Participant: 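Could you have a look at this structure, given as C-alpha cells, before my questions?
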Protein chains: 4
Amino acid sequence: MIKAGVVGATGYTGEELVEVLLKNPEVEITSLSALVEKEAKFSDLYPKFGKKISLMCKDLDVEEVSSGSDVVFLALPHTVSMRIAPRFLEKGKKVIDLSADYRLPAAIYEKWYDTEHVDAGNLRDAVYGLPELNRDKIKSANIVANPGCFPTGVILGLLPIIRTVADAKLTVIVDAKSGATGAGRKALLSLSFGEVDENFKCYKANEHQHMPEMEHVLSGAAGSDVRINFVPHLLPVRRGILSTIYIQHKGLPGAADIHKMYTDRFENEPFVRIRPLGNMPEIQDVAGTNFCDVGIKVAGDMLIIVTVIDNLLKGASGQAVQNMNIMYGLDERTGLL
Amino acid sequence: MIKAGVVGATGYTGEELVEVLLKNPEVEITSLSALVEKEAKFSDLYPKFGKKISLMCKDLDVEEVSSGSDVVFLALPHTVSMRIAPRFLEKGKKVIDLSADYRLPAAIYEKWYDTEHVDAGNLRDAVYGLPELNRDKIKSANIVANPGCFPTGVILGLLPIIRTVADAKLTVIVDAKSGATGAGRKALLSLSFGEVDENFKCYKANEHQHMPEMEHVLSGAAGSDVRINFVPHLLPVRRGILSTIYIQHKGLPGAADIHKMYTDRFENEPFVRIRPLGNMPEIQDVAGTNFCDVGIKVAGDMLIIVTVIDNLLKGASGQAVQNMNIMYGLDERTGLL
Amino acid sequence: MIKAGVVGATGYTGEELVEVLLKNPEVEITSLSALVEKEAKFSDLYPKFGKKISLMCKDLDVEEVSSGSDVVFLALPHTVSMRIAPRFLEKGKKVIDLSADYRLPAAIYEKWYDTEHVDAGNLRDAVYGLPELNRDKIKSANIVANPGCFPTGVILGLLPIIRTVADAKLTVIVDAKSGATGAGRKALLSLSFGEVDENFKCYKANEHQHMPEMEHVLSGAAGSDVRINFVPHLLPVRRGILSTIYIQHKGLPGAADIHKMYTDRFENEPFVRIRPLGNMPEIQDVAGTNFCDVGIKVAGDMLIIVTVIDNLLKGASGQAVQNMNIMYGLDERTGLL
Amino acid sequence: MIKAGVVGATGYTGEELVEVLLKNPEVEITSLSALVEKEAKFSDLYPKFGKKISLMCKDLDVEEVSSGSDVVFLALPHTVSMRIAPRFLEKGKKVIDLSADYRLPAAIYEKWYDTEHVDAGNLRDAVYGLPELNRDKIKSANIVANPGCFPTGVILGLLPIIRTVADAKLTVIVDAKSGATGAGRKALLSLSFGEVDENFKCYKANEHQHMPEMEHVLSGAAGSDVRINFVPHLLPVRRGILSTIYIQHKGLPGAADIHKMYTDRFENEPFVRIRPLGNMPEIQDVAGTNFCDVGIKVAGDMLIIVTVIDNLLKGASGQAVQNMNIMYGLDERTGLL
C-alpha cells in the first residue's frame with residue numbers, strides 16, 4: 001500500500017487528486033493539507049466526500065506529512081512548490097509536483113514566471129512527467145514535474161510529427177480552448193458565472209506561460225528548435241481542453257502516412273487514442289477520464305490535428321497518479337479507468 | 001427630454017439601466033457614476049457600449065450629477081442608497097432607488113438588514129414602485145423604491161388572490177429560482193463559474209431578506225397579515241427568475257374563476273401577461289423583456305401559480321424605467337418593448 | 001465473476017450502466033444490445049469507451065444474451081421492458097429493469113402509462129429496488145424494478161417522517177428540478193440546446209407519471225395513504241435532481257428530533273448522507289456519485305427537506321448496480337465509490 | 001411606413017427578425033408566414049411576443065403576402081428561397097434573402113450545396129448584403145443576399161488587410177466558434193442539450209459551405225484569389241461567433257500600421273468597432289447587438305485577428321434590417337441600437 005499525502009487539497013486539482021487516489025486500490029491517503037482557517041474534516045469542506053474519507057484537512061506540517069507518507073503530491077501555486085518540495089525530498093519522500101516550478105530550465109522559468117528559481121538543485125533532477133515521452137525516467141525519478149494542462153494536450157498532439165515540423169522550421173499554430181476549472185478555484189470577477197456563461201474569449205494570445213513549456217519539451221523531442229504560436233480561449237464548460245493545431249507545409253507526408261505515424265507512436269499507450277483519419281474528437285469523449293484523444297485531417301498542404309483532454313485528469317491529477325503508478329511499478333492504469 | 005443620471009453604473013443593474021435608457025427616445029443620459037479607480041469612458045469599461053454612448057464614468061459628485069439631471073437612478077448596495085438619496089432629493093431631483101433602502105418600514109428594514117435606517121423622513125414619503133399596485137402614487141412620487149427582484153415576480157403572482165389567502169390565514173409556499181446575475185457583479189467564489197455551472201442549490205431558506213418585503217406589500221394589499229414561506233434557489237443561467245407558488249386551500253374558487261380573477265386584474269397592464277389556464281410560462285418567454293408572465297393550474301385543493309420575470313429588467317432596471325415613464329407622464333412602455 | 005448483459009446500451013442510462021459496470025471488479029460485461037442500424041463496436045458508437053471495452057453492440061438476441069449472462073440489465077423504454085423481461089426470467093436469468101414496467105400495481109400502471117400491462121405474473125414477483133427500503137427482498141429477487149429518478153430522491157427524503165405525514169393526512173409538496181439527461185437521449189426540439197440553455201420551466205405539474213410511484217411506495221411504507229403534490233422542473237444542467245419538499249404541520253416534532261429521525265434511519269446506509277440541521281445539499285455534492293444527500297430545516301410549522309441525487313446514478317444506473325451487488329451478496333458499494 | 005412580410009417566421013432567424021422589426025419605428029410587420037400545422041397567433045406559438053404583436057402566422061400565400069408588403073424577408077432554408085424569391089420579385093417587391101441561395105455564383109453554389117440553381121436570372125442581379133462592402137449597391141438592389149453568419153465575421157475581420165494577403169498568396173487560417181442557434185431550430189440529437197452542454201467540438205473542418213462564400217467575397221474585394229482554411233467549432237452558448245484568424249507573413253506591415261488600416265477602414269461604420277491594438281473582444285461584447293468587434297495583435301510574423309458578432313443579429317436578422325434601412329434611405333442604425 002502506497003501512503004500518499006496531498007498538499008493543496010482544497011483547489012480543483014487537489015480535490016480531484018483525492019477523488020482519483022480514493023479509486024486506487026494500491027493507495028492509502030494519509031494526509032490532506034491546505035491553507036485553512038482552522039483544521040476541519042475534509043468532508044465538511046467538500047460534502048461530496050462524506051462517507052468516503054474521514055481525514056482532517058490541516059495546515060501543512062511538513063514533519064507530520066512526511067512521517068506518514070511515501071509520496072507527496074503538491075497541488076500548489078507556482079513559486080510555492082519550489083519552497084516546499086525540497087523539504088520532502090531531503091526526507092527521502094517522492095514528490096509529484098503539479099505546479100510549473102520544476103518543468104522548465106531556470107532561465108526560461110524565471111523569464112516567464114517573473115521570479116527567481118530557488119531550488120536549482122532539485123530542478124536539475126526533476127523529470128517532466130509526461131509518461132508518453134519520459135516513462136523510463138519517471139520510473140526512477142524522485143521528483144516528477146507534472147505537465148501543464150495545455151502542454152499535455154498539445155505535446156501529445158505533436159509528438160509523432162514534431163521532427164518533420166522542426167526540420168522544416170515551421171511555426172505551429174495552436175488554437176486552444178479550455179474549461180473554466182483550468183484557472184483554479186478562485187474568487188475572481190473574470191471567473192464569475194456572469195462573465196463566463198454564454199461568453200467566449202481569447203486571452204494571453206502568444207503570451208501564455210504554457211507556450212514556452214510546449215516549445216521547450218517539443219524542441220527536446222525534435223532535437224532542434226520548435227516554434228509554437230499559442231492562443232488559448234476560455235470555454236463556458238467546467239472541464240476539458242480542445243486544442244486545434246494547424247501545420248501548413250508543402251512537404252507534408254500523405255494523410256495515410258501521417259495517420260500511421262500517430263497510430264504507431266501511440267498504439268501501446270494506455271491513455272492515448274487515435275481516431276480514424278478525418279474523425280475528430282470532442283471534449284465529451286474524454287471528460288471525466290484520463291485519456292487524450294487525437295484526430296487528424298489533411299487538406300492539401302494543411303494538417304489539422306485536434307486533441308482533447310480533461311484538464312483536471314490527464315491535464316493534472318489523473319496524469320499525476322499515472323506518474324505515481326509508474327514510479328511504484330504498478331499497472332499504469334490502476335484506479336484510472 | 002428627461003435628463004437622467006445613473007449612480008452605480010458599473011454593476012449589473014446599472015449597466016442594464018444604461019441599456020434601457022439608451023433605447024428610450026425621451027431620455028438623455030447625462031451622467032454615469034460609480035466607484036472607479038480613475039474616471040474612464042464607460043465604453044472602455046464595458047466595450048459593448050462602444051459607438052453607443054461616449055460619457056465618462058466618474059466617482060460620484062452629487063453637485064455635478066444634480067446640476068445635469070432631472071431624475072437620478074441609484075443602483076447602489078443597500079445601506080449606501082439611504083446616505084446618497086437625501087442629497088439629491090433636497091436639490092429637488094426625482095430619485096428612483098433600486099436598493100432595498102426605501103422599500104420597508106424602518107422597523108422591518110432594521111431587523112432584516114441589520115443596520116439602522118438613517119433617512120426616516122424620505123422613507124415615509126417613498127412609494128413602492130410596483131406600477132401594477134401603486135401606479136397613481138408613483139405618478140407624483142419624488143422618491144420611488146424600486147421593488148426587489150423576487151418580490152416583483154411573487155407579488156404579481158399573488159395580487160389577484162391575496163385577499164382570499166389572507167382571509168383564510170393560509171401560508172403561501174414560494175419556491176423561487178433565480179439566475180446568477182441576481183446576486184450582482186461580485187468576485188465571490190460562490191458565484192464563480194466552477195461553483196454555479198452544472199450545479200443547483202437552495203440558499204437562505206426562509207431567511208432571505210426579500211421575504212419580509214413580500215409579506216409587507218402583500219399584507220398591505222390584502223388588508224391583513226400574509227405569511228410567506230420563501231425558499232430561493234440559484235439557477236445556472238444569467239438572467240431570469242421563475243417562482244412556483246403553492247396555495248393549499250379547501251375553499252378555493254373554481255379554476256376558471258381563479259383564472260378570470262387574474263385576467264381581469266391584469267388585462268390592461270402593459271407588462272403582465274396571463275397564460276391560458278394550465279399553461280405555464282418559462283424563463284425564455286421573458287428573458288430580455290420587461291414582462292411578467294403568469295401561469296395558473298388548479299389540482300383539487302391545490303393552486304399552483306408560476307411567474308417568470310427577467311431579474312435585471314422587470315426585476316430591476318426595466319421596472320425602474322417603467323416607473324420613470326409613469327413619473328413623467330410618458331406612455332409606460334416607452335423604450336421598453 | 002458476475003456475467004452481465006446490458007440491453008438498451010445506447011441511451012443515457014445504458015451508457016452509464018456500462019461505465020459503472022466497468023468499474024466493478026466483480027463483473028464482466030458479456031453483451032451490449034440496442035436498436036442499432038447495424039452492429040458496431042460500442043467504442044465506435046461512443047468513442048469515450050475506446051481502450052476500455054471492445055464488445056460489439058448488437059440488436060437484441062435474447063438467446064445469445066441469455067446464454068452469456070447471469071444477470072441482465074434492461075435500460076429500455078417503458079412498455080418495451082415488460083415484453084422482454086419474461087423471456088430472460090424464464091431462462092432463469094436475474095433481471096434488473098430500469099423502466100417503469102415493474103414498479104407499480106397493474107391498475108395504477110395502466111392508468112398512468114395508458115397501456116395494458118402484459119406481464120402480470122412477473123409484476124407480482126418484482127421487488128421495488130430501493131435498497132434503503134427493500135434490501136432484504138432485493139437479496140432474493142429474480143426481478144428488480146429499479147426506481148424512477150424522481151421517486152428515488154423524494155422517497156429517501158420522506159421515509160423517516162412519512163408515518164407522521166400519513167397519520168396527520170398532510171399533503172406533501174414536492175418541487176423538483178431535474179437535469180436534461182433525465183428525459184433520455186432523444187432528438188426532440190424541446191430538449192435542444194437552444195430551448196434548454198438559459199431557460200427553466202416546470203412541466204407536467206401534478207401530472208407526472210412519477211407521482212403515483214412516490215405515493216404508492218410511500219403509502220406502503222407509512223401503512224396508510226400518502227398524498228404528494230409533485231411539480232417537476234427542467235434544469236439547464238446535464239445531471240442531477242434537487243427536490244425541495246415542503247411539509248406544513250402544526251404538530252411537527254422539534255427540529256432536533258426530526259433531524260435525529262433522519263440520522264438514525266440512514267446512519268448505516270452506505271449511500272445516504274444526512275447534513276447537519278439547517279445545512280442544505282447541492283447538486284454538485286452528488287453529481288457523478290451514487291449518493292443521496294439530505295438536508296433538513298424547520299421554520300415554525302414548516303419542515304423543508306432538500307434531497308439531491310445524480311439522476312443517472314442513484315436515480316438509475318448506479319442504483320441498478322447497487323441492487324446487483326445486493327442480489328449477489330457483494331459489498332453494496334463495490335464499484336460505486 | 002415600410003410594410004414588411006416575414007417568410008419563415010418560426011425559425012431562430014425568423015423570430016429574431018420579428019424582434020428587430022418591432023423595434024424599428026419606420027416599419028410595420030404586415031404578415032408572418034411559416035410551415036405551420038394550422039394558422040395560429042404568432043404570440044401563441046412564441047409567448048414572448050404576447051402584448052407585442054397580434055398577427056397570425058400562416059402558411060405562405062404569396063399573393064396575400066405580396067399585396068400587403070413593400071419588402072419581404074425570406075428566412076428560409078437554402079434551396080427553398082430560390083423557389084420563392086422570384087415570385088415576390090416579379091410582383092415588384094423588394095426581397096432580402098437570409099438563405100445562401102443568392103450569395104454565390106451558380107457554379108460555386110451548385111458544387112457546395114449539391115443542387116441545381118433554379119433562378120439564375122435573379123442570382124445575377126442579387127447584391128451581397130454586407131453594408132461595409134456593398135453599401136451603394138444595396139441602396140438600389142431589388143434582391144439582397146444577406147451574408148452567412150461565419151462569413152460576416154470573417155470578411156469584416158479581413159477586409160482591410162485582404163489585398164496584402166492576396167498579393168502575398170497567403171493562406172488565412174480561420175478557427176471559428178459558434179453558438180448553437182447558428183444551426184437553426186431543429187430536433188436533432190446532435191443539437192440536444194445533453195450533447196452540446198459541457199461539450200465542444202469542431203465540425204466540417206475545411207468542408208463547411210461558408211468557406212467558399214468567404215473566399216469568393218474576399219477574392220472579389222482583393223482583386224485576386226484568396227484562400228481560407230476554415231475550421232468551425234460548436235460552442236455551448238446560444239448566441240455568438242468568435243473567429244480567431246491567423247495570418248503568418250514575414251512581410252507584414254508594423255502593428256501600428258495594421259491597426260491604422262483597420263481603424264481608418266471602419267471609422268465611419270456604425271456597426272464595426274476596432275479595439276485598441278492588442279485588446280481582444282469577447283462574445284459578450286456583442287451578444288444581443290448588431291455590432292462586429294475586431295481585435296488585432298501582432299507577434300513577430302504572426303498577425304492574429306479576433307472578431308465577434310451575434311450570429312442572429314449582425315450574422316443574420318440584424319444585418320438584414322440594416323440592409324433594409326439602407327434600401328429605404330433610413331439611418332442605417334434605425335431600430336438597431
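First the proteins, then the strands, lettered A, B, ... as listed; each starts at 1. Every value quoted in this text rests on a predicted model; they were computed, and no experiment measured them.
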Participant: Which one of Arg275(C), Glu19(C), Lys23(C) has the most heavy-atom pairs closer than 4.5 Å to chain A?
Facilitator: Arg275(C)
Participant: Heavy-atom distances under 4.5 Å only: say whether Leu337(C) touches chain A with side chain, backbone, both or neither.
Facilitator: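 The answer is both parts of Leu337(C).
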Participant: Looking at chain C, which one of Leu22(A), Val286(A), Asp197(A) has the largest number of heavy-atom pairs inside 4.5 Å, strictly under?
Facilitator: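 Option with the top pair count is Asp197(A).
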Participant: Grab the two heavy atoms, one from Pro47(C) and one from Asp293(A), that are nearest each other, plus how far apart they are.
Facilitator: O-OD2, 4.4 Å
Participant: Could you tell me the separation between the CZ atom of Arg333(A) and the NZ atom of Lys52(C), rounded to the nearest 0.5 Å?
Facilitator: 12.0 Å
Participant: NZ/Lys48(A) to OG1/Thr289(C) distance, rounded to the nearest 0.5 angstrom?
Facilitator: 8.5 Å
Participant: Please look at Val272(A) and chain C and tell me whether the side chain, the backbone, both or neither of the residue comes under 4.5 angstrom of a heavy atom of that chain.
Facilitator: backbone
Participant: Can you tell which part of Pro270(C) gets under 4.5 Å to a heavy atom of chain A, answering side chain, backbone, both or neither?
Facilitator: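 Contact with chain A involves the backbone of Pro270(C) alone.
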Participant: Please flag which part of Glu282(C) lies under 4.5 Å from any non-hydrogen atom of chain A: side chain, backbone, both or neither.
Facilitator: neither
Participant: Could you tell me which portion of Tyr46(C) (side chain, backbone, both or neither) has an atom closer than 4.5 angstrom to a non-hydrogen atom of chain A?
Facilitator: neither
Participant: Looking only at heavy atoms, which two atoms of Phe266(A) and Lys51(C) are closest? And how far apart?
Facilitator: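 Here Phe266(A) and Lys51(C) meet closest at O-NZ, 3.3 Å.
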